[in-house]
Number of protein chains: 2
Amino acid sequence: MTSRDPIADAAARLLAARPTASMAEVAAAAGVSRATLFRRYPSRSALVIELSRRAVEAYTAAVEEARLEEGPAADALARLLGGLTRLAPGYGLLALQPIDEAVEADLLALAAETDDRVRRMVHRGQESGDLRVDVPAEWVLSSVTWLVVAAADGVRLGRLAAGDVERLLTMTVLDGLRRRGASAGDAAG
Amino acid sequence: MTSRDPIADAAARLLAARPTASMAEVAAAAGVSRATLFRRYPSRSALVIELSRRAVEAYTAAVEEARLEEGPAADALARLLGGLTRLAPGYGLLALQPIDEAVEADLLALAAETDDRVRRMVHRGQESGDLRVDVPAEWVLSSVTWLVVAAADGVRLGRLAAGDVERLLTMTVLDGLRRRGASAGDAAG
DNA sequence: CTCATCTGAGACATATATGTCTCATGGGGA
DNA sequence: TCCCCATGAGACATATATGTCTCAGATGAG
């Protein structure tokens, strides 16, 4: 996950994994001094807002790139998982940072449009027989979001190989959500 | 999730959902004053250690109650999910609290024995043909752990009904991890 | 070589959180 | 009714974190 701002990237990774980290620790993780961090971001709150904005943008971009309206829903879901797997190490648990409520409301509103695209993909998959109908789109959204965090955490702890997680995720999520009887590669049940 | 100590229960729930909450906020959530909280737990660190100990104990008890050595592994996994679903609201993200490294090492060692029981259940399920063999036990452990957190989070946010989550989890996790061709209730593929 | 820009280090002020202590109050048991 | 225990509230001290500022040094461009 790359961005134009290595300080923001390092900060996001640290705060995603360690929500209670101080600004001194964030600066150290970013390889700069506290003074430089504060030159770039005037407060911890400003930093968290910026990182949260980037997280929502990255999520929206990943959903865009997954082209959820194209092809079988299962394939679209696989593409989505690929994109989100790349985001999770840097953004996964950032939502745990305290943030101004008005800003949070704005960000949630932005993310809501993107969430809706995912829901619509789930619904069309259920209508086409591609995805199981006994699972609400809400659960698909939640489980996908948290499983990419699980994958990132497993890699961070050295329990999973980074090269394996996308395949594992895709396999297990698809088999958990696909309609019974459908298999990988099938377009019909 | 009930315990003999309502202060500890409330503290665990708050810190699981909001890792950056202060002791004042913990006290408020527990319905006691800061003075009383400090009478019961001499420091934030002491509180976090106690809550972490309880989390590991509860995890161990849930794995014990799931009787992972009995019956088909898929059934054992379903029982485990049921037990862990009840734990997640109170303990899910508690691991994000900073804790003394020596204490953490002790707790990890305790949890490791319980983790091994889960791994053994996965292995015997793979040997018996009950669970898919292309997914490492590590991923089973990770995904189960984080999906129960996802379920708890979904309920907390009002997106999922508490009564539904165990069924949704069990269905989707089992279908994601079961060997291809096996179905609910089957003992053979 | 000079100058502008950026940075790190550390001092300092402020804010917040933690932890301690004291006193008044309330509840329950004898 | 009395006494003991537990509690809340708030004051206070200490620690930690945040945020600001200044100065020296390094780097790169002209």
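Numbered from 1 within each chain, the chains take letters A, B, ... in sequence-line order. Because only heavy atoms are used, hydrogens play no part in the values below, and waters and symmetry mates are left out as well, while side chains stay in.
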Enquirer: Any N or O donor-acceptor pair under 3.5 Å from the base of dG19(C) to the side chain of Arg34(B)?
Expert: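 For Arg34(B), whose side chain was compared with the base of dG19(C), there is a donor-acceptor pair (under 3.5 Å).
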Enquirer: Among dA9(D), dT18(C), dT20(D), which nucleotide sits nearest the side chain of Phe38(A)?
Expert: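 Nearest to the side-chain atoms of Phe38(A), counting from C-beta on, is dT20(D).
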Enquirer: Quick one: are Leu84(B) and Tyr59(B) in side-chain contact, heavy atoms under 4.5 Å?
Expert: yes
Enquirer: Indicate whether the side chain of Thr60(B) and that of Thr114(B) have a donor and an acceptor atom separated by less than 3.5 Å.
Expert: yes
Enquirer: Could you state the atom-to-atom distance from CG of Leu37(A) to P of dG19(D) in whole Å?
Expert: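 In whole Å, dG19(D) P and Leu37(A) CG are 10 Å from each other.
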Enquirer: Mind calculating the distance between CZ (Arg18(B)) and C1' (dA17(C)) to the nearest angstrom?
Expert: 14 Å
Enquirer: Let me know the distance between CG of Leu15(B) and P of dA17(C), rounded to the nearest Å.
Expert: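 Rounded to whole Å, this separation is 14 Å.
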Enquirer: With a 4.0 Å limit, can you tell me whether Ser33(B) has a side-chain N or O closer than that to the phosphate oxygens OP1/OP2 of dA9(D)?
Expert: no
Enquirer: If I take atom CD1 in residue Ile7(B) and atom C1' in nucleotide dG8(D), what distance separates them, rounded to the nearest angstrom?
Expert: 12 Å
Enquirer: Which heavy atom in Asp130(A) sits nearest to a heavy atom in Ala74(A), and how many Å separate them?
Expert: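 Nearest heavy atoms, Asp130(A) then Ala74(A): OD2-N, 3.0 Å.
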Enquirer: In whole Å, what is the span from the OH atom of Tyr41(A) to the P atom of dT7(C)?
Expert: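 Checked: the OH to P distance equals 12 Å.
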Enquirer: Could you state the interatomic distance from OG1 (Thr172(A)) to CZ (Arg132(B)), rounded to the nearest 0.5 Å?
Expert: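 Going from the OG1 atom of Thr172(A) to the CZ atom of Arg132(B) covers 7.0 Å.
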Enquirer: Please give, in whole Å, the distance from dT16(C) C1' to Arg44(B) CZ?
Expert: 13 Å
Enquirer: Does dG19(D) have its OP1 or OP2 closer than 4.0 Å to a side-chain nitrogen or oxygen of Arg39(A)?
Expert: no
Enquirer: How do Ser43(A) and Arg40(B) order along DNA chain D: which one's closest nucleotide is nearer the 5' end?
Expert: Arg40(B)
